[in-house]
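All values derive from a computational prediction rather than experimental measurement.
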Amino acid sequence: MNRVLLISGDSALAARVKRALESDATVMVADPAAGNVVEIAEQFRPECVLADAEVHMGARTVFERLSTLRGWFSALPMIVIGNEMGAQLILTAMRAGAQDFIDRDASPDDFRNAVLQRIAESRFRPASISNLVMTLSAASSDGDDDFALNMAAMVAASRPREGVLFVDLALPASNTAIAFGIDLNFRVKEAVKEMARLDRALLDSALARCPRSGLYILPLALHGEPDGWAVDIHDLRALLEICRSLYDVVIVSCGPFSRQEEILSLPEEGALLFLPCNQRFTSIKAAAELLRLVRNVRGGRDEPVLVVHEFAASMAPTPAGIREAVGAARALELPVRWRDLADAINRGDPLALSAGSPYAREMSRHLQALNLIPYQDEETRAPQGLKDLTRRIRAVLS
């Protein structure tokens, strides 16, 4: 998915451009009147700039305004949007350094073709961005967020010098406040309102953080607040783009947004997607349907990893049978009963942070294999007392 910066103060034009490019690009809108266009661009890292010829930037001519914008984004393709295809305005745009010009009333196809052509021709490539990991929810009320928050906690605890952000899109409310025993205040909606000035310092100061793992948490909805969570899907996508440029690892629990193409197409090639499932036939059926949707949206790239995250060994179907029924190419097993997961969540003590639990050991092994957490040998992971005893025994035997 491409990233396009639209410089305009016209909300109607912004809506038209977003609709025209919704299947091909994330559009971030910046108004020069706010005076923070460059800061927004540094966070968003666009691949193309659309400049409204009617932007207001003080008492300047069209040429001066466009030349200023060109100076801000000298390495990016710039397309000017004008009210009419007048020869004088086109010439002015080209002299100011624009690569293309498009009429304000052009069709959606014309907007899309112009943007995609200029991006393809440009040699500009954004700097490498942070890792983006997504966990999908095939069915509601299946406890899929248990896996997501446990994984996020383990990744954060294993990478203490890095910034790990957990974006929880669960509805009707996030369970992370209960799971980590902390208060959540700053939500996705507040982040979207502040999107034009978001930076790492602002987020670090506003977000709740797990004291044990160091995980930063950005929820969509909170318990006791059934309303006020609604967010435009384009704004949500743009927010995630910014977050992944600010943090070393961004883990998104997609919840009810798991079937939104805007979200499914966001991760770049090579990103990790997880699809939790359990032994319930409703869960298996839903997982198989969602896997087919993901393959269709992403063109067969980056097959989601099936996670059989809750099962009892004495029950059917077995994890192998679930993998076959879903048709997953990759799968991992985390043998834990729902009761144990629920007890840990209710205590505010996620199982992934309990070093002695079989669940934590299995999750650690799998996440190491996927390069999500650093590899540690058995001695490194052993409790300090056990390591001291091991050293004493070796000293006696040597």
Side-chain angles (χ1 to χ4, degrees), residues 128-137 143-170 176 179-180 200 207 209-210 212-218 240-241 243-255 258 263-264 266-277 287 291 294 298 301-310 319 323 328-336 341 344 350-378 380-381:
S128 59
I129 55 179
S130 64
N131 295 321
L132 181 65
V133 180
M134 284 191 168
T135 65
L136 309 176
S137 295
D144 295 338
D145 54 342
D146 292 343
F147 166 73
L149 65 88
N150 273 284
M151 177 186 65
M154 178 169 282
V155 171
S158 68
R159 305 172 80 154
R161 294 182 180 85
E162 301 178 38
V164 181
L165 173 66
F166 180 48
V167 182
D168 188 3
L169 303 181
T176 50
F180 296 112
R200 179 66 185 271
L207 294 175
R209 194 178 191 189
C210 171
R212 292 180 59 192
S213 66
L215 179 68
Y216 292 96
I217 302 164
L218 178 60
L240 294 176
E241 291 275 16
C243 287
R244 67 195 293 201
S245 71
L246 298 176
Y247 288 87
D248 299 293
V249 182
V250 177
I251 299 172
V252 183
S253 178
C254 295
S258 297
I263 301 301
L264 291 177
L266 176 60
E268 296 184 347
E269 189 170 356
L272 275 173
L273 291 86
F274 291 98
L275 176 57
C277 182
L291 179 59
V294 174
R298 295 185 61 83
R301 297 180 293 112
D302 307 320
E303 179 99 348
V305 179
L306 181 71
V307 183
V308 185
H309 70 111
E310 170 200 327
R323 175 179 177 177
R330 296 188 294 170
L332 57 88
E333 304 170 13
L334 295 172
V336 62
L341 280 171
L351 279 179
L353 298 180
S354 301
S357 72
Y359 179 84
R361 288 197 298 270
E362 281 299 299
M363 178 175 282
S364 177
R365 182 173 66 85
H366 288 303
L367 296 187
Q368 286 175 13
L370 294 170
N371 295 318
L372 267 180
I373 66 175
Y375 176 79
Q376 293 179 320
D377 58 29
E378 292 300 324
T380 304
R381 291 199 302 269

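- Looking only at distances, a side-chain donor or acceptor of N150 sits under 3.5 Å from a matching main-chain atom of L351.
- A distance of 12.5 Å separates CZ in R361 from CG in L334, rounded to the nearest 0.5 Å.
- Distance alone, capped at 3.5 Å, places no donor-acceptor pair between the R244 side chain and the V250 backbone.
- Partners of F274 under the ring pair (Phe, Tyr, Trp, His ring centres under 6.0 Å) rule, at least two apart in sequence or in another chain, are F147.
- Of all heavy-atom pairs spanning M363 and M154, the tightest one is CG-SD, 3.6 Å.
- Annotation for A153 and L353: closest pair O-CD2, 3.9 Å, computed over non-hydrogen atoms.
- Using a 4.5 Å heavy-atom threshold, the side chains of L266 and L240 count as touching.
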Would S137 and D145 count as a side-chain contact (heavy atoms from CB on, under 4.5 Å) here? Give the steps.
CA-CA 8 Å; S137 295; D145 54 342; over 6 Å; no

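- The backbone N or O of L372 sits less than 3.5 Å from a side-chain atom of R159, completing a donor-acceptor pair.
- Taken from CG in L165 to CD1 in I251, the straight-line distance is 9.0 Å, to the nearest 0.5 Å.
- With hydrogens and angles disregarded, no donor-acceptor distance shorter than 3.5 Å links the side chain of H309 to the backbone of D146.
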Quick one: do T135 and M151 satisfy side-chain contact (heavy atoms from CB on, under 4.5 Å)? Show the steps, please.
CA-CA 10 Å; T135 65; M151 177 186 65; 3.5 Å; yes

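- Residues R298 and E268 share a closest heavy-atom pair of NH2-O, 3.5 Å.
- Taking both residues in full, the closest heavy atoms of S258 and G255 are given as OG-O, 2.7 Å, listed atom of the first, atom of the second, then distance.
- Checked against salt bridge (Lys or Arg N to Asp or Glu O under 4.0 Å), R200 has the following partners two or more places apart in sequence or in another chain: D204.
- Separation of atoms CE (M134) and CG (L264) is listed at 7.5 Å; rounding is to 0.5 Å.
- Contact between G214 and R209 at its shortest, heavy atoms only, is O-NE, 2.7 Å.
- S364 places no side-chain N or O within donor-acceptor distance of the main-chain N or O of A360, the cut-off being under 3.5 Å.
- Note that CZ of F180 and CZ of F166 are 7.0 Å apart. Values are rounded to the nearest 0.5 Å.
- A donor-acceptor contact shorter than 3.5 Å is absent between the side chain of R212 and the backbone of A157.
- Between the side chain of D248 and the backbone N or O of G163 there is at least one donor-acceptor pair closer than 3.5 Å.
- Residues E362 and P335 share a closest heavy-atom pair of CG-CD, 4.1 Å.
- Within the model, atoms OH of Y216 and SG of C210 stand 12.0 Å from one another, a figure rounded to the nearest 0.5 Å.
- Tested against E303 for a side chain to side chain contact (heavy atoms under 4.5 Å, CB included), the candidates L275, L291, L273 yield a single pass: L291.
- Between the CD1 atom of I373 and the OG atom of S158 there is a distance of 5.0 Å, given to the nearest 0.5 Å.
- In this structure, the side chains of D168 and L218 stay at 4.5 Å or more apart for every pair of heavy atoms.
- Qualifying side chain to side chain donor-acceptor pair (under 3.5 Å) partners for R330, counting only residues two or more places apart in sequence or in other chains: none.
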